[in-house]
Amino acid sequence: MTATVPGTVPAAGDAPVVLRLENIRKSFGDAHVLNGISFDIRQHEVVALLGPSGSGKSTLMKCVNLLEQVDDGQIWLGGTDITDPRADQDAIRSRIGVVFQQFNLFPHMSVIRNVTLAARKVHHWNKDRAEARALELLDRIGMRAKAGAYPDQLSGGQQQRVAIARALMTNPELLLLDEITSALDPMLVGEVLDMVSELKDQGTTILMATHEMSFAHDAADRIVLLRRGVIAENGTPREVMDESQDPETKEFFSHFRS
Ligand SMILES: Nc1ncnc2c1ncn2[C@@H]1O[C@H](COP(=O)(O)OP(=O)(O)O)[C@@H](O)[C@H]1O
Ligand SMILES: [Mg+2]
């Protein structure tokens with residue numbers, strides 16, 4: 001398959017397309033939230049999904065994670081049309097890691113149980129396999145010593161890093177991060193964004209909704225800007241954030257300049 005979606009940046013080279021959105025539409029009643037969204041994410045790309053509150057970032061990510069059904073259009077994960085009703089939802093979810101803004105960890109479970117839960121219950125891994133993988137991931141983020149701790153014994157930043165580790169359990173092809181630093185104290189944002197940078201360096205393919213504009217500018221390979229249900233911009237951070245001459249785009253980014 002070749003990239004045919006207008007606006008797709010060829011700079012990501014010939015890496016395979018991990019995620020392809022084709023003309024996605026989604027309404028809630030009369031509210032047309034997504035009005036024909038098309039773009040690709042290639043392997044190893046970090047794409048920042050930007051837009052005002054209510055512009056449909058979370059809805060789009062929920063469609064990719066099958067938490068919402070699209071009204072029209074197709075979503076391809078590799079060669080799988082995940083919008084096909086016959087698709088195996090659990091198998092697809094094991095190929096996509098997800099972290100939300102908050103409430104990611106179960107408060108009554110230890111870190112290790114939180115991290116292993118989905119792998120064991122949904123993907124039917126045995127205990128030894130799940131715990132070995134979880135400890136490997138916790139080790140990688142310097143949190144192995146916290147395996148037996150409970151979420152309320154961790155900072156918000158540590159909790160989000162554990163949530164990211166959990167999302168990586170099944171070695172997913174795509175990581176969806178939906179405003180994962182928005183609920184954090186400002187002083188805890190850095191450690192979580194540093195972890196995202198490390199994942200990028202390791203080649204993880206990431207779609208992240210964020211309001212951290214300087215991080216998006218420096219860390220994202222590409223910016224997709226949503227506005228009124230369509231893609232207003234799709235390009236490099238420089239093209240979209242520094243050089244766009246579109247008045248609404250300029251006005252949007254002007255709110256984030258200090
Ligand atoms: N389950 C739902 N039912 C009705 N309206 C919804 C639902 N989910 C989202 N919306 C509406 O869709 C629009 C986009 O929301 P959302 O995707 O959360 O935007 P963002 O993440 O960009 O802030 C908003 O107007 C929101 O109120
Ligand atoms: Mg949102």
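All of these numbers come straight from a predicted model, not from anything done at the bench. All ligand and atom numbering here is 1-based and tracks the order in the structure.
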- Message: Looking at non-hydrogen atoms alone, which of A209, A31, S58 comes nearest to atom 18 (O) of ligand 1?
- Response: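 Checking each option, the heavy atom nearest atom 18 (O) of ligand 1 is found in S58.
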
Hey, are [X] and [Y] close enough for a salt bridge, meaning a charged N less than 4.0 Å from a carboxylate O?
X    : Y    : answer
E136 : R133 : yes
D246 : R227 : yes
R222 : E239 : no

- Numbered atoms and elements of ligand 1 in range of S53, under 4.0 angstrom, heavy atoms: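 It comes down to these atoms of ligand 1: 23 (O).
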
- Going by the atom numbers of ligand 1, which of them fall below 4.0 Å from some non-hydrogen atom of P52? 22 (O)

- Query: What do you reckon, does T59 have a nitrogen or oxygen under 3.5 Å from a nitrogen or oxygen of ligand 1?
  - Reply: yes

- Task: Could you tell me whether G54 and ligand 1 have an N or O pair separated by under 3.5 Å?
- Result: yes

- Message: To check you understand the geometry: which heavy-atom pair defines the closest contact between A87 and D81, and what is its length?
- Response: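 In this case the closest contact between A87 and D81 is CB-O, 3.9 Å.
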
- For atom 6 (C) of ligand 1, decide whether some protein heavy-atom distance is shorter than 4.0 Å. yes

- Message: I'd like to check atom 22 (O) of ligand 1 in this structure: does the protein have a heavy atom lying under 4.0 Å from it?
- Response: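 It does: a protein heavy atom is found less than 4.0 Å away from atom 22 (O) of ligand 1.
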
- Item | Heteroatom test (N, O or S) for S53 near the Mg ion (ligand 2), limit 2.8 Å |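 It does not; every qualifying atom lies at 2.8 Å or beyond.
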
- If you have a sec, work out which protein heavy atom is nearest atom 19 (O) of ligand 1 and how many Å separate them, to one decimal?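 So the nearest neighbour among protein heavy atoms is G56 N, 3.1 Å.
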
- Shortest protein heavy-atom distance from atom 3 (N) of ligand 1, along with the residue and atom involved: F28 CD2, 3.4 Å

- Query: How about K26: does its NZ atom have over 12 heavy atoms from other parts shown lying under 6.0 Å from it?
  - Reply: yes

- Message: For Q69, I'd like to know if atom CD has over 12 heavy atoms of other residues, nucleotides or ligands within 6.0 Å.
- Response: no

- Query: Quick check: does any side chain N or O of R95 sit under 3.5 Å from a backbone N or O of L77, one acting as donor and the other as acceptor?
  - Reply: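 Yes, R95 side chain to L77 backbone: donor-acceptor pair under 3.5 Å.
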
- Query: Where on V33 is there a heavy atom closer than 4.0 Å to ligand 1, on the side chain, on the backbone, on both, or on neither?
  - Reply: side chain

- Establish whether I180 and V47 are linked, either directly or via other cluster members, by ILVMFWY side-chain heavy-atom contacts under 4.5 Å.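 I180 does not cluster with V47.
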
